[in-house]
Amino acid sequence: MFTHAIVKKPCHTMIYGITTANLGQPDYDLAMKQHAAYIDALQQCGVQVTILEAEEAFPDSCFVEDTAVLTRKFALITNPGAPSRKGEIASMIPVIKQFYPENNIEYIKTPGTLEGGDVMMVGDHFYIGISARTNREGAQQFINALKKYGMSGEMVPLSTVLHLKTGLSYIENNNLLIGGEFLENPAFSHFHHIEVAAEEEYSANCIWVNGKVLVPAGFLQTQKAIESLGYEVLTVDTSEYRKIDGGLSCLSLRF
Ligand code: GLY
């Protein structure tokens with residue numbers, strides 16, 4: 001169960017966020033409305049939400065998930081692989097220190113890079129995507145930290161997606177939303193697969209929060225598949241974040 005979430009309001013410069021999406025520039029005002037609805041959905045799941053102010057110097061800074069990994073036993077401060085995002089860490093460290101004692105905070109150090117979007121938590125085991133943003137050195141540093149706290153991790157090389165959780169979401173009870181390049185990956189064969197249709201691939205990024213599942217609005221096949229497993233689904237429109245390669249998980253840290 002999660003008790004807390006951390007989010008950061010989108011900044012006006014989000015319209016210049018890193019993107020491969022070809023969907024046009026985000027509408028800032030609509031993004032703010034969608035952010036408020038996202039916070040409301042998290043609150044409906046029973047978590048206390050810490051809302052950080054926007055940081056104009058960093059267009060992608062609303063995607064707080066990439067700056068930290070918050071486990072049951074320790075917090076990891078990451079080192080984003082995207083050069084324009086490295087500075088996002090500075091303002092996150094004091095926030096994380098409000099929730100974790102200093103000696104339970106670990107740091108990814110250069111030349112290691114790691115972004116939280118590449119980390120999928122399954123209990124005390126963590127899958128770590130090796131991507132354009134997360135390198136093997138960063139993943140190994142994280143695995144070493146996990147071992148120190150009696151937890152474990154493994155690396156999963158990515159071929160096409162931005163982050164691991166662009167194409168996978170663990171929604172508990174052995175259920176894994178899975179699409180695209182991961183479908184045949186033996187690392188995930190022991191999960192119950194909820195296959196995400198190619199035309200709905202964006203909806204492979206959902207989040208489980210205390211028994212409910214947040215699903216991006218407009219992806220009915222995925223929504224129905226999750227509902228058929230007995231989950232209550234809350235839909236949240238993330239159209240403006242999709243334009244800058246962002247999804248539901250990217251917008252919060254849940255712990
Ligand atoms: N625009 C989100 C990212 O590329 O990190």
Side-chain angles (χ1 to χ4, degrees), residues 5-35 38-39 52-70 76-93 95-96 108 110 112-120 127-135 138-139 142 156-169 179-181 201-207 214 216 236-254:
I6 298 171
V7 302
K8 182 173 281 188
K9 291 179 189 168
C11 50
H12 290 87
T13 56
M14 74 173 290
I15 62 172
Y16 305 117
I18 304 168
T19 187
T20 56
N22 257 325
L23 293 170
Q25 270 191 345
D27 175 324
Y28 169 77
D29 292 330
L30 181 53
M32 282 299 287
K33 285 189 187 126
Q34 293 178 346
H35 202 254
Y38 178 77
I39 292 167
L52 307 176
E53 288 306 317
E55 220 177 340
E56 294 293 338
F58 300 106
D60 289 297
S61 54
C62 59
F63 300 128
V64 285
E65 179 179 64
D66 292 317
T67 63
V69 179
L70 303 181
L76 180 82
I77 304 293
T78 69
N79 181 17
S84 66
R85 302 200 58 190
K86 287 191 186 293
E88 293 176 29
I89 299 307
S91 62
M92 193 54 69
I93 292 171
V95 177
I96 300 305
I108 298 294
T110 302
T113 65
L114 186 141
E115 295 189 0
D118 277 319
V119 176
M120 184 173 78
Y127 294 87
I128 310 159
I130 304 303
S131 69
R133 304 289 183 84
T134 295
N135 63 20
F142 181 35
V156 181
L158 310 187
S159 52
T160 58
V161 291
L162 171 63
H163 285 133
L164 180 70
K165 284 185 294 193
T166 308
L168 282 178
S169 302
E181 69 182 75
E201 65 178 356
Y202 176 74
S203 63
N205 184 263
C206 290
I207 49 175
L214 272 60
V236 179
D237 194 352
T238 52
S239 65
E240 302 317 290
Y241 299 95
R242 186 181 184 187
K243 291 174 181 172
I244 49 170
D245 293 347
L248 285 166
S249 75
C250 318
L251 287 167
S252 63
L253 288 161
R254 304 157 299 280

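The model shown is predicted, which means the values in this text are computed figures rather than measured ones. Numbering of ligands and ligand atoms starts at 1, following listing order. If you read the sequence from its start, that first residue is 1, and numbering goes on from there.
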Start with the C-alpha distance between Lys8 and Ser91, add both sets of side-chain angles, then the distance that settles side chain to side chain donor-acceptor pair (under 3.5 Å), and finish with yes or no. CA-CA 11 Å; Lys8 182 173 281 188; Ser91 62; 3.1 Å; yes
If you apply the rule side-chain contact (heavy atoms from CB on, under 4.5 Å), what do you find for Thr238 with Tyr202, and how did you get there? CA-CA 10 Å; Thr238 52; Tyr202 176 74; 2.9 Å; yes
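In this structure, Glu201 places its CD atom where only 12 or fewer heavy-atom neighbours from other residues, nucleotides or ligands lie under 6.0 Å away.
Side-chain contact annotation: Ser84 with Asp60, donor-acceptor N/O pair under 3.5 Å absent.
Within the structure, side-chain hydrogen bond (donor to acceptor under 3.5 Å, both in side chains) pairs that include any residue of residues 239-249 comprise Thr20-Asp245, Gln34-Ser239, Glu65-Ser249, Asn205-Ser249, Glu240-Lys243 (at least two apart or interchain).
Listed by chain and number, Ile18, Asp60, Phe63, Arg85, Arg133, Ile244 each place a non-hydrogen atom less than 4.0 angstrom from ligand 1.
For the pair Arg133 and Asp118, the salt-bridge criterion is not met [side-chain N within less than 4.0 Å of a carboxylate O].
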